[in-house]
Amino acid sequence: MAKYFIYHDLSRCIGCLACEVSCMDWKGLPFGKANCRIYQFGPEAKHGEPDLSFAYFSCFHCEKAFCVEACPTGALNKRTLDGIVEYRKDLCIGCRACIMACPWGVPQWNEEEGKIYKCDYCVERIEQGLEPACVTRCPTRALSFVSAQEVSNLKRTKWLEATFGRAAHLVGYRG
Amino acid sequence: MGEKRTVYSICGMCSVRCPIMVEVEDGQVVWISGNPHDAGMGTGLCAKGIAGRAFLHDTERPLSPLIRDGERGSGKWKAVSWDEALDYVAQKLKEIIDQHGGRAVLLSDRGGPFGELRKAFLKAIGSPNYCNHDVTCAVSVNHASLSLFGFGRKTFTYDYKNAKHIVLYGRNMLESLRVKTARALVEAINRGTKLTYIDPRYTVTASKATRWWALRPGSDYALNLGLLHILIKEDLYDKDFVNRWVEGFEQLANFIEPYTPEWAEKETGIPANEMYAFCREIAQDAPHVIFHPGWMRARYRQAFWESRTTYLLNILLGAIEVPGGLVFAKGPKDAGRKGLNSLGVNLPKVEEKRADGAGWKFKHINAGPGLLHRAFEAIKTEDPYPVKAYIVHRHDPMTGLPDPEAQAEVFKNLDLIVVVDVNWSETSKYADVILPESSYLERSDIIATQKGLKPGFRFRQAAIEPMYDTKPGWWIYIELAKRLGKGDHFPYSSIEDLWQAQLDGTGVTIQDLEKKGFVTLADKPIWYDRADKLPFKTKSGKIEIVNQKWEEAGIPCLKPYESPDKPPQGKFRLLFGRCAWQTHAMWMNNPALNPYLQENTLWINKDVAEKMGLKTGDKAIVSNGNYTKEIKIFATEFIHPEAVFMLHGFGRTVPQQTRAYERGVADQRLEVGLLNVYDLAGGANALCECFVEVKPAK
């Protein structure tokens, strides 16, 4: 089952691309081709006000992972230990079935190698007790590596704090 | 598995110089992050900093000393040994010094904490002509600070963390990044700190602001006069602080009389009622407020007064030496500790006047860093004397200063141009000799003092040996000095010798510095007694609203406002700026960053564009003088109709940079005729006093 999640705090994200460059740098990916991608909305008028925001887009590590089901060689595999959808490049035959299977277009094509690339939460870093490269080097702490069950509470708290303009805690919770 | 090491050092991908942690395995840099020992930094790092590894391995940088092998500017080079290059430079310098004296040598750099040895080198050869890059950065801010407090802008740091309201004038903190500042700002906003952002253009910083004022470009001074008017007329200012520490308040109160918010509204386009609301709001949050006086404010002729009145807003709200305000940066002495020793032994005092006139012809201009554009004028006219050699150290005036064509004309009067750089700069194209400095990951630099609430020392140490035939800057200048018979002033044969000389008697060792990359000299933050002991360096010991140095130079400290010119028909004021992954035009060619932005676009107001039949993605022709380029436009409601905007640093002309070569448009090449247009009071180039023509491409 999925244990982890990369939480993207919109209010802290400045669209600086550190996460993408960090990913490429750590994973040795071709320049400009990071596993995670930052998308920009705006600047544009939203309800008559200027607006500019960013979305962090990476693998969701689905419980029922379409890419894993589509992969004929086991290059994509859902780990039972922590739910990470890992990718073994040595097993990838470049069939691109995963690209078609994933509803969100997460696996990307590396034309230099004829194989795909995809986020694995930097599993080799996690095994050393570290966090994924994108999270580690995010300059404004917009990204955080959290347990999957924590996400709803984080999101809720964030919304409450933004709405009421002050700190909020679950009753009895001061962690 | 080979040898693994962790090196704490200082980033060199831009002039901010963030603290970093570098991991080395088998002599290779495998990881660079922020230095986690610095709590404000953590492991975060910007995209440029992370791209340091890509830079290290990039062969599109000068890989050995080069001597020109063709006409100047021809781009033809001969690779030579360090001995040959240094002998050549020393011989040329010697000829020039013999004929014209040491004063005929000019050196410019980007300032910063590692420049002491370069300045000592100039002293040793008898030249007063050191300039930093500040004419296209903060020199007017610095003079605004000097004129009020008697000390320069770096005496204050900003306590963003504890501020209740932060006001920024085009200081695009979330795109022109200092990592620690950006993080502190984002965290402050998250905790409820208000942010007022003032800029004719909507930026990432504007998107996080509680209030965005899209003022008319160049009218910052009018806005400030209107705000000062309200604070004084509505009695919203801090009377205790003003009575205790300010000289000349009455003159200010009389001066702002005609500058009503209603008047300022006409100049700025910002509604007067919003100014009133803002002032009442911010007075509630005072003194925990910061009006940032500006960093890169080399934009308009009135920069000095823009910055000065910004400081005055802080002063009237008492935001000096309080949490969440402007805070005195404390040095080792404040911590009861000895500071770093100066480098260079028995250096002669240089009595010569500066070629740029700073300190004598222009008495109000700080003779330390001088004015580079005035030094260029001296090269051109040989007035007050001939300047024949120019050493350009990690600086790129042909990108930073306006009008490179005009600069190339000036450079014809030089007998020697030496570029010391890690990169191909636009200026390097005109060099006679290029001396490639090792990158910041391959070299150590001298120890720097870190001033702040808790002062300390910090240093940059080489993570690996140089990958190519490059050398550290300190070595280059000592070698040149030796060849000019000035070696006795520099009895250092290694960086350890230099460090030891600096640290002697401070109680700090090199090993102490190695542990975290820095040493803090105080356990607790040091605060001055705000009621009685604020160390202003003016004659009166107080903040002087009217400073005699400027008045005697014929420059009024309270200068009547002059409205910026409106652009002529079909023309627009050219604004420029930065994005988070490119700074100072240094990394357009970086292999990791280049894919993210290869050409700049021209921001233009949507209504204006529509009238011209243009929409986002269309191509336009932008031109001024002989420089005409095609550029894609971005049409948006969120830029002032008088202005167009582009990111700085594109349109590179050095063919060795294959990824960036001739991609995009160079804003500085559109700034035709602006080399001599500057803020007379503060000294900065007025880069935005520039109108360009824009028309649809056929």
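Order of the sequence lines sets the chain letters (A, B, ...), proteins ahead of strands, with each chain counted from 1. The structure displayed is predicted, hence computed values, not measured ones.
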Pairwise side-chain contact, [X] with [Y], heavy-atom cut-off 4.5 Å (strictly under):
X: B/Thr43; Y: A/Glu131; answer: no
X: A/Phe31; Y: B/Asn590; answer: no
X: B/Arg183; Y: A/Pro139; answer: no
X: B/Tyr202; Y: A/Leu52; answer: yes
X: A/Trp26; Y: B/Arg53; answer: no

For chain B, find which of [options] contributes the most heavy-atom pairs closer than 4.5 angstrom.
options: A/Cys16, A/Ala18, A/Pro50, A/Gly32; result: A/Pro50
options: A/Lys33, A/Gln40, A/Arg125; result: A/Arg125
options: A/Ala162, A/Pro30, A/Cys13, A/Ala167; result: A/Cys13
options: A/Val135, A/Leu17, A/Asp9; result: A/Leu17

Could you check which of [options] has the highest count of heavy-atom pairs closer than 4.5 Å to chain A?
options: B/Asn594, B/Thr636, B/Asn190; result: B/Asn190
options: B/Ala47, B/Ala580, B/Pro595, B/Cys18; result: B/Ala47
options: B/Leu593, B/Val186, B/Val30, B/Val179; result: B/Val186

Checking heavy atoms, do the side chain of A/Leu10, its backbone, both or neither come under 4.5 Å from chain B?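 The answer is the backbone of A/Leu10.
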
Go through the atoms of A/Glu161 and report whether side chain, backbone, both or neither lie under 4.5 Å from a heavy atom of chain B.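 Neither part.
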
Could A/Arg141 and B/Glu187 be called an ion pair, given the rule that one side-chain N must be under 4.0 Å from one carboxylate O?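 Between B/Glu187 and A/Arg141 there is no salt bridge, as every charged N stays at least 4.0 Å from the carboxylate O atoms.
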
Residue part contacting chain A, namely of [X], when any heavy atom lies under 4.5 Å:
X: B/Thr205; answer: neither
X: B/Ile189; answer: neither
X: B/Leu177; answer: side chain

Which heavy atom of B/Trp603 sits nearest to which heavy atom of A/Pro43, and what is that distance?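 Smallest interatomic distance, heavy atoms only, reads CH2-CG, 3.8 Å.
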
Over 12 non-hydrogen atoms of neighbours within 6.0 angstrom of [atom1] in [X]:
X: A/Lys27; atom1: NZ; result: yes
X: B/Gln284; atom1: CD; result: no
X: A/Arg88; atom1: CZ; result: no
X: A/Glu127; atom1: CD; result: yes
X: A/Lys158; atom1: NZ; result: yes

Say you draw a straight line from [atom1] of [X] to [atom2] of [Y]; how long is it, rounded to the nearest 0.5 Å?
X: A/Asp25; Y: B/Ser33; atom1: CG; atom2: OG; answer: 10.5 Å
X: B/Ile32; Y: A/Arg137; atom1: CD1; atom2: CZ; answer: 7.5 Å
X: A/Glu20; Y: B/Tyr596; atom1: CD; atom2: OH; answer: 3.5 Å
X: B/Ser207; Y: A/Glu49; atom1: OG; atom2: CD; answer: 13.0 Å
X: B/Asn172; Y: A/Ile14; atom1: CG; atom2: CD1; answer: 9.5 Å

Between A/Asp51 and B/Phe638, is a side chain to side chain contact (heavy atoms under 4.5 Å, CB included) present by the stated rule, with each step listed? CA-CA 10 Å; A/Asp51 190 72; B/Phe638 307 119; over 6 Å; no

